[in-house]
Amino acid sequence: MIRRMLGDDPLLLSVADEYFTGNPYGAVEKAEKIFLERQDRYSLMLLKMAKPFNFFPSPKDALRLVKISINMGVDPSCGALMVAAQSDERALSLGQKIEDLLEIIEGFLRRYEPQDFLDEITLYTSLNQAYTLGLLPPPGEYRNAYDYVKLYHRMLLLMYRIGVGFLEEALELERVIKSFERVGIYVDVFPITVHSLVTGDDSYLYRARIFYSLLGNRALKAILEGVISFLKGEEFETYGSPVLEQLKDPAKVHYPALSLPIRFARAMMEGKFFVSFAGDGGIYHKWKRVRIPRYESSFKILAYFKVGSHLFGDGRRFALDNAPLLFPKSPNPRKTTYDYLSRVGHLLYAPSDLLHSVRYGTFLSKRHEAWAVRLKEALAFDRSTARL
């Protein structure tokens, strides 16, 4: 199918090959370069294929691609619409028309007799597909007290924020999932998976598995079973699913927004601490945010050790060299730094989201103290953090 879409152009096909053989970052870079040079429908189609939901650096970038697609007479990709919707609600109306979506629903319903129990389930599923993926509010009788568009908009934003490091947003994502259940539309497996990985709560996975079992959707049921097994530490088959392949081997980056939740979940399952540098930063253990004694000073030391280890290969020396900045009121800053390095010894080599937070611009983004500014300046000149 890809060859029929792109023809026999070896350059275009090389991007598709790179994408499907496990190098999505390289495929995106090459597709962008080709599109900038050619500016035609085929290179735009290639860029849409290579740049799914999680590869847009910003909603503005996604909205730009949506507008280019429309101007060239090409339907914008669902991924571009999803990300663009995070910052500009006008993007919600740039996709399929209401009439097209209603045809999808009617097509689903025609498969069953009106008395069939699956009628109601199928209606909810088709609504989920047509309106959730189409980013349009339910028409007429399917409207209710909830502002559906804003609810879905909120879910997209939360998933994006979790993916770039704000793990605490998982609690708000759960509220949105519950709200979807109240409006009668079952949320897709992707947000449920994100929530489950970041919280360790598999209850929604079980409920969704029952729903898709009743529906007869074996593919989604298999994904949910795989995620459940992953959280239990059990073996599971991937069945060629990109989500399950990434759970089995995090190096296979099919969905970058899952990269951090998967690494975080692995650390939690293994009983390790996890140090987050997104926003204010935080320390996690057993899926809970914890505060160690003398938290602020300890966290500063951790940050300098991690950054120093990454940049110079010697985190202790980097922390000691910056001791006067870390403890300006101490009569002996170096000794105080030594003491704190010993205090947080069990955390110095804990997994963290350092490179992830730098790549997405969330590294200590809510910290403006002098010690945090110094770290941001040091990392700004390090090109190796540009990609995970």
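In this structure Arg374 satisfies the side-chain hydrogen bond (donor to acceptor under 3.5 Å, both in side chains) test together with Asn322, sequence neighbours excluded. Under the side chain to side chain contact (heavy atoms under 4.5 Å, CB included) criterion, Ala303 pairs with Phe277, Trp371, Leu375, not counting sequence neighbours. Taking Glu245 as the reference, His254 meet the side-chain hydrogen bond (donor to acceptor under 3.5 Å, both in side chains) condition, with sequence neighbours excluded. Checked against side-chain hydrogen bond (donor to acceptor under 3.5 Å, both in side chains), Ser196 has no partners two or more places apart in sequence or in another chain. The side chain to side chain contact (heavy atoms under 4.5 Å, CB included) search around Val290 returns Phe273, Ile283, His285, not counting sequence neighbours.
Tyr206 does not carry Arg209 over the face of its six-membered ring by the limits of under 6.0 Å from the centre and within 45° of the normal.
Within a 6.0 Å sphere centred on CD of Glu369, heavy atoms belonging to other residues, nucleotides or ligands number more than 12. No more than 12 heavy atoms of other residues, nucleotides or ligands shown are found within 6.0 angstrom of NZ on Lys272. Atom CZ of Phe236 has more than 12 neighbouring heavy atoms from other residues, nucleotides or ligands inside a 6.0 Å radius.
Considering all non-hydrogen atoms of both residues, Val344 and Ser298 come closest at CG1-CB, 3.5 Å. For the pair Ala370 and Leu325, the tightest heavy-atom approach, listed with the atom from each and the gap, is CB-CD1, 3.8 Å. In this structure, Phe318 and Val307 approach most closely via the heavy-atom pair CE2-CG1, 4.2 Å. The two residues Asp280 and Phe299 have their closest heavy-atom pair at O-CE2, 4.0 Å. Summarising the geometry of Ser276 relative to Gly165, their closest heavy-atom pair is OG-O, 3.9 Å, with the distance given to 0.1 Å. Residues Ile301 and Tyr340 approach most closely at CG1-CB, 3.5 Å, considering heavy atoms.
For the pair Arg317 and Phe312, the minimum side-chain heavy-atom distance is 4.5 Å or more. Side chains of Leu36 and Gln39 form a contact here, defined as non-hydrogen atoms less than 4.5 Å apart.
With salt bridges taken as basic N to acidic carboxylate O contacts below 4.0 Å, none links Asp339 and Arg343. Salt bridge annotation for Glu169-Arg175: absent, with no cationic side-chain nitrogen under 4.0 angstrom from a carboxylate oxygen.
Between the side chains of Asp40 and Ser43, at least one donor N or O sits under 3.5 Å from an acceptor N or O.
Val198 and Leu171 sit in two unconnected hydrophobic clusters of ILVMFWY residues. Membership requires side-chain heavy atoms under 4.5 Å apart, directly or through other members. Leu311 and Val373 are assigned to two separate hydrophobic clusters, defined by single-linkage of ILVMFWY side chains at heavy-atom distances under 4.5 Å.
Among Leu260, Val275, Leu167, the one residue that satisfies the side-chain contact (heavy atoms from CB on, under 4.5 Å) test with Asp353 is Leu260.
One N or O on the side chain of Arg266 and one on the backbone of Leu247 form a donor-acceptor pair closer than 3.5 Å. Under the 3.5 Å distance criterion, the side-chain polar atoms of His356 are matched with a main-chain donor or acceptor of Gly163. Remark: side-chain polar atoms of Trp287 are paired, donor with acceptor, to backbone N or O of Leu197 under 3.5 angstrom. Looking only at distances, no side-chain donor or acceptor of Lys376 sits under 3.5 Å from a matching main-chain atom of His368.
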With salt bridge (charged side-chain N to carboxylate O under 4.0 Å, His left out) as the criterion, how do Glu225 and Lys221 come out once you've worked through the C-alpha distance, each side chain's angles and the decisive distance to 0.1 Å?
CA-CA 6 Å; Glu225 288 176 345; Lys221 179 175 176 285; 2.6 Å; yes
From CA spacing to verdict: side chain to side chain contact (heavy atoms under 4.5 Å, CB included), Leu379, His310
CA-CA 9 Å; Leu379 286 166; His310 169 67; 4.3 Å; yes
Evaluate side chain to side chain contact (heavy atoms under 4.5 Å, CB included) for Leu347 paired with Ile292, printing each intermediate quantity in order.
CA-CA 11 Å; Leu347 296 172; Ile292 60 178; 3.8 Å; yes
Run the side chain to side chain contact (heavy atoms under 4.5 Å, CB included) test on Thr199 and Glu174 for me, step by step, so that the C-alpha distance in whole Å, both residues' side-chain angles and the decisive distance to 0.1 Å come before the verdict.
CA-CA 10 Å; Thr199 62; Glu174 181 179 18; 6.0 Å; no
What verdict does the salt bridge (charged side-chain N to carboxylate O under 4.0 Å, His left out) test give for Glu235 and Lys248, after you've listed the backbone C-alpha separation in whole Å, the side-chain angles of each residue and the deciding distance to 0.1 Å?
CA-CA 9 Å; Glu235 284 297 314; Lys248 183 81 79 171; 3.4 Å; yes
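Within the structure, salt bridge (charged side-chain N to carboxylate O under 4.0 Å, His left out) contacts touching residues 290-310 (residues at least two apart or in different chains) are Glu296-Arg367.
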